[in-house]
Amino acid sequence: MSDRLPLVVANLKANLNLEDITSWLAAVGPHSKDFPGTIIFSPSYPFLAAAGQEIKKNNFNIKLASQDISKFTEGAHTGEVSASQIKDIVPYTLIGHSERRDSFRESEDDLTAKVENATDANIEPIFCVQGENTNIPQAVKIVAYEPVFAIGTNNPQDPTETVKVISKIKSRGDYLVLYGGSVSGDNAKSYVESASANGLLVGATNSLDPQNFIAILKALS
Ligand code: PGA
């Protein structure tokens, strides 16, 4: 992982259409040029290629991530997107978000297969964990710690608690650790400075409105 820190991920989840995403990039893109870290944009699959073209055309300092990746390699798996299909489009992928673990019953074996498929295709997994003891498959280098109570609730974890969990996760391996859960322009800096997070995973609460996301970038600049 050679990208500059902090990593700030915008996970749009199943929100926004192509027109919104074009406007989002037009609003956030100019702020990417002097951002000291790395912005990672994660819209839904159908918009990744168009977002990539827009980023390249405008020379924005924005990388792309898929919100998931198939546990299967390419083949007869209707509805799935394999790592080899998107390896030229995304340098990163989210894996193991709590919404996928809950709604799609993703098992530890599924998540391990996803990590292997991603790394085989040279896609860097951003592996989401819900606590300090969540299993982390081998080959993971970037972990996103997201306590479930803080996701989409405007109830972020107190950074004095976050720092303890992050240091426990870091003691388990040589990981970069991001914090996610109700991150905003008001609290972003405290996670990176006081809680020793190497970046932030920002979900629908403050990534959908580009101005809210820009406020987070400004707080870290
Ligand atoms: P939130 O979501 O920022 O809306 O709390 C975080 C996430 O689900 O990654």
Side-chain angles (χ1 to χ4, degrees), residues 5-16 20-21 24 27-28 31 35 37-45 47-48 51 62-69 90-106 111 114-115 118 123-132 134 136 140-159 161-162 165-166 169 175-192 195 197-220:
L5 300 177
L7 305 178
V8 186
V9 186
N11 170 19
L12 301 188
K13 310 189 179 183
N15 296 293
L16 305 192
D20 301 326
I21 281 161
W24 193 100
V28 175
H31 296 271
F35 183 63
T38 303
I39 300 166
I40 302 176
F41 183 49
S42 189
S44 301
Y45 283 129
F47 311 123
L48 285 168
I62 298 179
K63 302 284 168 75
L64 291 173
S66 55
Q67 295 174 14
D68 184 34
I69 206 150
V90 296
Y92 294 96
T93 181
L94 300 178
I95 294 178
H97 192 283
S98 58
E99 289 156 9
R100 295 211 56 88
R101 292 175 189 256
D102 289 354
S103 307
F104 301 93
R105 303 272 180 274
E106 293 188 346
L111 299 177
K114 288 175 183 226
V115 167
I123 298 172
E124 190 73 61
I126 299 173
F127 191 81
C128 302
V129 305
Q130 293 69 46
E132 63 202 44
T134 308
I136 302 174
V140 167
K141 295 187 200 134
I142 307 174
V143 172
Y145 163 55
E146 297 201 302
V148 172
F149 73 83
I151 295 180
T153 56
N154 268 316
N155 178 27
Q157 186 173 47
D158 189 310
E161 286 304 313
T162 312
V165 182
I166 288 183
I169 294 169
Y175 302 123
L176 293 176
V177 183
L178 318 185
Y179 167 78
S182 298
V183 170
S184 69
D186 291 336
N187 63 34
K189 203 170 171 185
S190 60
Y191 292 107
V192 173
N198 301 106
L200 301 166
L201 176 46
V202 186
T205 306
N206 284 308
S207 72
L208 302 185
D209 179 339
Q211 295 313 320
N212 292 350
F213 191 72
I214 290 165
I216 294 169
L217 300 180
K218 286 192 171 155
L220 299 176

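In each ligand, atom 1 is the first atom listed, and ligand 1 is the first ligand listed. Keep in mind that this is a model prediction, so the values were computed, not measured.
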Please write down residue, atom name and distance for the protein heavy atom closest to [atom].
atom	value
atom 3 (O) of ligand 1	Gly203 N, 2.7 Å
atom 1 (P) of ligand 1	Thr205 OG1, 3.4 Å
atom 7 (C) of ligand 1	Glu146 OE2, 3.1 Å

If you count the atoms of ligand 1 from 1 in the order shown, which ones are under 4.0 Å from a heavy atom of [X]?
X	answer
Asn11	9 (O)
Lys13	2 (O), 7 (C), 8 (O)
Ser182	1 (P), 3 (O), 5 (O)
Gly181	5 (O)
His97	7 (C), 8 (O), 9 (O)

Approximate separation, where rounding is to 0.5 Å, of [X] [atom1] and [Y] [atom2]:
X	Y	atom1	atom2	value
Asn15	Ile21	CG	CD1	9.5 Å
His97	Phe104	NE2	CZ	11.5 Å
Trp24	Ile214	CH2	CD1	8.0 Å

With Pro147, which residues qualify under side chain to side chain contact (heavy atoms under 4.5 Å, CB included), at least two apart? Tyr145, Phe149, Ala150, Gln157, Tyr179
Does at least one non-hydrogen atom of [X] fall below 4.0 angstrom from an atom of ligand 1?
X	answer
Gly180	no
Pro156	no
Ile151	yes

Is [X] reaching over with its side chain to a backbone N or O of [Y], donor-acceptor style, under 3.5 angstrom?
X	Y	result
Glu132	Val165	no
Thr93	Asp68	yes
Arg101	Gly96	yes

Any idea which part of Ala150 is under 4.0 Å from ligand 1, heavy-atom wise: side chain, backbone, both or neither? backbone
Output yes when the distance from some N or O of ligand 1 to some N or O of Gly152 is under 3.5 Å, and no in every other case. yes
Closest approach of Ala188 and Ala219, non-hydrogen atoms and distance? CB-CB, 4.4 Å
When you compare the side chain of Thr205 with that of Val183, does any pair of heavy atoms fall below 4.5 Å? no
